[in-house]
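Presented below is the structure to which this report refers.
In this text, all values refer to a predicted model and were calculated from it rather than measured experimentally. If you read the sequence from its start, that first residue is 1, and numbering goes on from there.
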Amino acid sequence: INNLGTVYYAEKSYRRSIGYYKKALRCSPPTASIYANLGAAYFARKRYAVASEYYEQALKLDPGVFDHHGTFGTLMQERTVEERAMFHLYLARMYAKTGANDRALIYLRKALEEGVKNRNKIPDMPEFASLKKSADFQQLLVQNPKPL
């Protein structure tokens, strides 16, 4: 059922893919990959708050869910650079919120390199409060990686 959702996602039928992913959750034990897929489908529909909730569920089940290799990379390639930048910023915020600061910094760097908008607002985002005093966080903001 999850795979059917992925087929519809690949065809850019995001609403239908969401239906199949939700059905997959009802029919099987919750898995990080299904939650990540749901998040991706909502993200594609530009429903970022809902996407973020599903991404957080995926992270709770598997903190490395976004680090695994597989078809996820293919889905990422379908996004525009601007969407990838925003996606990586969302991941950085989620990882920072859960205390996974190393991963938060990795995804924050990716977001900056991809030209995330409103870079100047990053230090004031509440999720980065615990990182503000970190030398690595401060250095990353000072370096201000240029968009690739």
Side-chain angles (χ1 to χ4, degrees), residues 2-22 24-25 30-132 134 136-148:
N2 179 59
N3 290 346
L4 282 173
T6 303
V7 168
Y8 284 113
Y9 181 94
E11 292 177 350
K12 297 187 184 340
S13 181
Y14 305 121
R15 184 175 296 159
R16 191 172 274 161
S17 70
I18 288 168
Y20 278 99
Y21 293 142
K22 286 184 175 182
L25 282 176
T31 63
S33 61
I34 296 172
Y35 280 112
N37 289 343
L38 260 168
Y42 277 108
F43 196 91
R45 295 194 73 208
K46 300 192 183 325
R47 296 193 51 203
Y48 303 119
V50 178
S52 188
E53 291 173 21
Y54 283 111
Y55 287 148
E56 286 180 25
Q57 287 295 323
L59 282 174
K60 285 179 187 174
L61 291 170
D62 180 2
V65 68
F66 298 108
D67 298 332
H68 300 312
H69 298 286
T71 59
F72 185 73
T74 305
L75 297 180
M76 285 299 297
Q77 290 173 4
E78 293 176 2
R79 294 191 172 133
T80 66
V81 174
E82 184 177 318
E83 287 173 328
R84 276 197 313 267
M86 191 168 22
F87 173 74
H88 285 133
L89 180 60
Y90 271 90
L91 286 181
R93 292 168 65 184
M94 281 189 288
Y95 278 123
K97 198 167 145 181
T98 63
N101 294 340
D102 289 343
R103 287 184 175 149
L105 290 170
I106 289 169
Y107 284 102
L108 181 58
R109 174 176 290 285
K110 288 180 182 190
L112 292 169
E113 287 173 347
E114 291 162 346
V116 71
K117 291 183 178 180
N118 300 323
R119 301 165 81 104
N120 55 338
K121 294 182 180 180
I122 290 172
D124 298 325
M125 291 179 175
E127 296 87 353
F128 296 126
S130 65
L131 277 173
K132 273 188 178 181
S134 160
D136 292 333
F137 181 77
Q138 292 174 0
Q139 182 181 7
L140 183 59
L141 294 178
V142 169
Q143 285 177 346
N144 198 16
K146 300 294 180 217
L148 299 175

Taking the side chain from Y14 and the backbone from A40, do they hold a donor-acceptor pair closer than 3.5 Å? no

When the ring planes of Y55 and F43 are compared, do they come out parallel, tilted or perpendicular, using 30° and 60° as the limits? tilted

Look only at the side chain of T6 and the backbone of N2, and say whether a donor-acceptor pair between them is shorter than 3.5 Å. yes

OG1 (T31) and CG (L25) are apart, to the nearest 0.5 Å, by 7.0 Å

Can you find a heavy atom in the side chain of K97 that is under 4.5 Å from one in the side chain of E56? yes

Can you tell me how far the CD atom of E127 sits from the CG atom of L108, to the nearest 0.5 Å? 11.5 Å

Identify the two heavy atoms, one from L112 and one from R119, that lie closest to each other, and give their separation to 0.1 Å. O-NH1, 3.1 Å

At their closest point, which heavy atom of P30 faces which heavy atom of Y35, and how far apart are they? CB-CE1, 3.5 Å

Say you draw a straight line from CG of L4 to OH of Y21; how long is it, rounded to the nearest 0.5 Å? 10.0 Å

Residues A85 and G115: closest non-hydrogen pair is CB-C, 4.3 Å

May I ask you to decide if the ring planes of Y42 and Y54 are parallel, tilted or perpendicular, using 30° and 60° as cut-offs? parallel

When you measure from the side chain of Q57 to the backbone N and O of A32, does any donor-acceptor pair fall under 3.5 Å? no

Can R109 and L140 be said to form a side-chain contact (heavy atoms from CB on, under 4.5 Å), step by step? CA-CA 7 Å; R109 174 176 290 285; L140 183 59; 3.4 Å; yes

Indicate yes or no: at least one non-hydrogen side-chain atom of T98 is less than 4.5 angstrom from one of P63. no

Can you tell me how far NE2 of H88 sits from CD1 of I106, rounded to the nearest 0.5 angstrom? 11.0 Å

Going by side-chain contact (heavy atoms from CB on, under 4.5 Å), F128 matches just one of N101, I122, L105. Which one? I122

Closest approach of G39 and A51, non-hydrogen atoms and distance? O-CB, 3.2 Å

Would you say Y9's side chain and I18's backbone share a donor-acceptor pair under 3.5 angstrom? no

Would R93 count as a cation-pi partner of Y90, with NZ or CZ less than 6.0 Å from the six-membered ring centre and within 45° of the ring normal? yes

Just how far is it from atom CD of E113 to atom CD of Q143, taken to the nearest 0.5 Å? 9.5 Å

Kindly state each residue pair satisfying side-chain hydrogen bond (donor to acceptor under 3.5 Å, both in side chains) with at least one member in residues 43-53, sequence neighbours excluded. K46-E83

Checking K121 against D124 for the side-chain contact (heavy atoms from CB on, under 4.5 Å) test, could you report, in this order, the C-alpha distance in whole Å, the side-chain angles of both residues, the deciding distance, and whether it holds? CA-CA 5 Å; K121 294 182 180 180; D124 298 325; 5.6 Å; no

Check ion pair E11-R16 (N to O, under 4.0 angstrom): no

Might you point out which heavy atoms bring S17 and A41 nearest each other, and give the distance in Å? OG-CB, 3.6 Å

Hey, are the side chains of L141 and F137 touching, using non-hydrogen atoms and a 4.5 Å cut-off? yes

Check step by step if side-chain contact (heavy atoms from CB on, under 4.5 Å) holds for K110 and R84. CA-CA 9 Å; K110 288 180 182 190; R84 276 197 313 267; over 6 Å; no

